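Since the structure comes first, as structure tokens, the remarks are kept for the end.
Bear in mind that the values here come from a model prediction, so they are computed numbers and not experimental data. Each chain gets a letter, A, B and so on, in the order the sequences are listed, and its residues count up from 1.
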Number of protein chains: 2
Amino acid sequence: MKNVNRYDIWEYTVSGPDKGNPFRDEWIRLSVKGRNEEREVDGFYDGDGRYTVRFMPSFEGKYSFSISASFLNEEISGEFVALPAQKNNHGPVRTANTFALAHDDGTRHISLGTTCYVWELQSDELIEQTFETLEKSPFNKIRFCIFPKHYVYNLHEPRSYPYCGTPMDSSVLTKQNFNDYKGMAEGNCWDFYRFNPEHFRHIESCVKRLMDMEIQADIILFHPYDRWGFSLMSPEEDLFYIDYVVARLASFSNVWWSLANEYDLMNKSDAEWCAIAEEICKKDAYRHMRSIHNCRSIYDFNRPWCTHCSIQRNETYLTVENTDNWRQRYKKPVVLDEICYEGDIEFGWGNITGEEMTRRFWETALRGGFPGHGETMTGHDDILWWSHGGKLYGESPARIEFLSRILQQVPGNGLQLDDSMRSDELRSVPAERTYRGKFYLFYYSFMRPGSRLFHIDETTDFDVYVLDTWNMTQDYAGCYKGEFRVELPKRQYMAIMLKAR
Amino acid sequence: MKNVNRYDIWEYTVSGPDKGNPFRDEWIRLSVKGRNEEREVDGFYDGDGRYTVRFMPSFEGKYSFSISASFLNEEISGEFVALPAQKNNHGPVRTANTFALAHDDGTRHISLGTTCYVWELQSDELIEQTFETLEKSPFNKIRFCIFPKHYVYNLHEPRSYPYCGTPMDSSVLTKQNFNDYKGMAEGNCWDFYRFNPEHFRHIESCVKRLMDMEIQADIILFHPYDRWGFSLMSPEEDLFYIDYVVARLASFSNVWWSLANEYDLMNKSDAEWCAIAEEICKKDAYRHMRSIHNCRSIYDFNRPWCTHCSIQRNETYLTVENTDNWRQRYKKPVVLDEICYEGDIEFGWGNITGEEMTRRFWETALRGGFPGHGETMTGHDDILWWSHGGKLYGESPARIEFLSRILQQVPGNGLQLDDSMRSDELRSVPAERTYRGKFYLFYYSFMRPGSRLFHIDETTDFDVYVLDTWNMTQDYAGCYKGEFRVELPKRQYMAIMLKAR
């Protein structure tokens, strides 16, 4: 019997009927038992009479399993061994210490995400280019959709569809009229109880490659930018879809569940969103990260099913500066998935500078949150990273890489925020932030002080470093104790790092 | 009998007793009667047995007057003629149309202020330099104090004191210890009922020169940055001081009254502030602009005595973006006197860039407010414009001059804001703002759209101009009608101006 590495995917396929509608009429289930865990997970129909079950062991050691199915007279059973995890797989990301993130094996996870909504539904060439870009990038999480996207710059057909059927004729679409086709447009013909396995196999191959690159796949289950009607399915069809996606993808250690992108632009009731969340909680044996993303009104992340905040900025000016307030309100990790895009398109959400994107990353990270990047640069055949992936042209990714290197130097499980401050103060204090313990980072944002005076205590020797977060330099300024003044070059985007000896 | 120009100062001096304390023991009063106005104003003791009354005619024509005094057996009376105003004097600034400002003669006033707290108490050379700088600057209002200032960079003695007496020995002061001497320090010896006329004569000569330059003198009556005890006088002493200042200065057409700088850092009760305001309302026959300036908590400008809002930003990030909200809350002109200083000092309030200062000016002006400039650039012998005047080294004044030229092109009495928007929307809408009527200004702030689409109406021909608010260019982009797209250079700080033909 084939063995598996811890946190990797153990898979078993059985032949069965391919008549009727196996997706709806048949079922297959796996039950697994190891010394430290016992799981019951649904399998799924993969087409051509193939029925597959998958399992991700969270522990090393011997496992016994048994498979039952609607079409099997007797259970299939056996054993396999979970070997040590491969060094690049630390298991699913979890909440750690209220506000931080860590992998299942305890390794700290500093989430620095990006967004490419339907990168995996583009051509093979473009997908390869996206992987190459991600390989060189600082990003360890990417948000993307299972359903294709219909929006400005997103009018062409996807490489495949999630359901069997035929789409509307998209030759009628223009940059001017595409909004008239929002939602369930005429001419679409889908069977929402008959999936297209090829569509999901392809997405799984992308998720697996991300997994090998140690990049989290933040999977967006629903979104409103639709002309095919996938955003307007019935509650039953929604749950049928959720069961299939979870059965296929939950065993990938790098999966996060994002119930929606801009949930508040969809016409689902709060009860429907909760039913979807409940279904995921019930079917996902591995308890992957779960959240939901807003357009205008931020979701109530106090809901027990939310493992973290997933926030799009909903003000033109203030955004990342609210990180502290969201921490205090929700007492969960704050992930700011969308803080505008470095770009030059006409829309206000898509034309900030690299300096401003970098500033927002530092503000978020130093306030104890996890920022998300995006890019909408025109002039490259209407291929925008934001939706299609491809290449990055902006100035912020290199600076985010520098930020990542600085955050690696933070001891313990991330920056310890000074929670003695009242939340209404937090937004208004200078961007400089203090952290308890032996490590301090002060960030000066858009300001440009000529110097700063410090007085942490009388006795500790601090190695002082001046960081230029834009020019990406870390200069040693000497070792100081008691009251000391650090000179700064009177430029924006400087920071000071203190490390106790 | 000497005549006078409308809005200029008619003055009459009488000899009287110089024994005892004439400031407290004697009084002199002027009553004036013209066809359109009738006024009773207090005069003041100017030292050396000289008692002076002053009057500013708001109308042309013949006036009769009579002077009575505690030491005169009979009234002195006579006549004079108010001739047409000199072309550079349009009279006191008033509130016009709720949110706008206009001079007494109806001339629109677009307030673009600056702050030099004690520029007029510096050396003659430095004062001359300040006048030269103001002459070339776009600023038409300057905020400054009657009392000297004690603060970092402000430890030396002023050129004179408002009271007879002797100050503490300031040789003990250092950059480190100056805060220990805040308020009423040991060693000061003043008679708060005996003014130093020379101090006031000098300030008047400065106010007069500002008047000839068409610059408003926003006079700060109280402030907390004090080592002499002027901030800790009794309520009676405060009112005695107010009466003297009003008697001397109210007849200068360019005077504004600022009750305090950072009132909330002083230990006066609300009742005491109201009593001071009431005294000014009673004694100032010309109803000059009246307001009060905050540090942390903004004053309630709904108070009837406040003619306008005088606001210092009290958040690190959001500030000018609140202009609309303050307009809607107070229904009075919104003057943002302090929105941080272009500079490089260590304090968060004093180290923003020229770009950010310019952005804040545009945001304020396009939201229908009146922004205030300040500069704290080091490296010039500790002479900072913020407090001492002198020279300007920053990049924003030239851009403020450009903004001023653009605002001159606005027809009518200032930009007509779209008040159909709810105030909670206003802060979050893109910085671009629309104005009713035939003139539109759209500002893109820190964003850098590659183009913008417009559709004002079907019939109006608009001359379209692309403004680069940083590089100070106004380029004609052509005449358009109906729906049209304007290309932009994908840089920050751009604006678009539409003028109906």
**Study point:** All side chain to side chain donor-acceptor pair (under 3.5 Å) counterparts of B:Tyr330, not counting sequence neighbours
**Key:**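 If we apply the side chain to side chain donor-acceptor pair (under 3.5 Å) test to B:Tyr330, skipping adjacent residues, there are no hits.
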**Study point:** side chain to side chain donor-acceptor pair (under 3.5 Å) partners for A:Trp362, two or more places apart
**Key:**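 Checked A:Trp362 against side chain to side chain donor-acceptor pair (under 3.5 Å); zero matches.
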**Study point:** Value rounded to 0.5 Å, distance of CD in A:Glu315 from CD in B:Glu321
**Key:**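 Going from the CD atom of A:Glu315 to the CD atom of B:Glu321 covers 10.0 Å.
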**Study point:** Nearest-0.5 Å distance, CD of residue A:Gln492 to CD of residue B:Glu355
**Key:**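 Interatomic distance, A:Gln492 CD to B:Glu355 CD, rounded to 0.5 Å: 7.0 Å.
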Review point. In terms of heavy-atom pairs under 4.5 Å with chain B, which of A:Ile345, A:Leu488, A:Leu453 leads?
Key: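 It is A:Ile345.
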Check your understanding: For the candidates A:Arg491, A:Arg485, A:Arg448, which exhibits the highest count of non-hydrogen atom pairs separated by less than 4.5 Å from chain B?
Key ->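 The candidate making the most pairs under 4.5 Å is A:Arg448.
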Mind checking whether [X] and [Y] have side chains closer than 4.5 Å, heavy atoms only?
X	Y	result
B:Lys490	A:Thr378	yes
A:Phe446	B:Ile352	yes
A:Met447	B:Glu346	no

Review point. Where do A:Tyr317 and B:Arg367 come nearest, in terms of heavy atoms and distance?
Key: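 Closest approach of A:Tyr317 to B:Arg367, heavy atoms only: OH-NH2, 3.1 Å.
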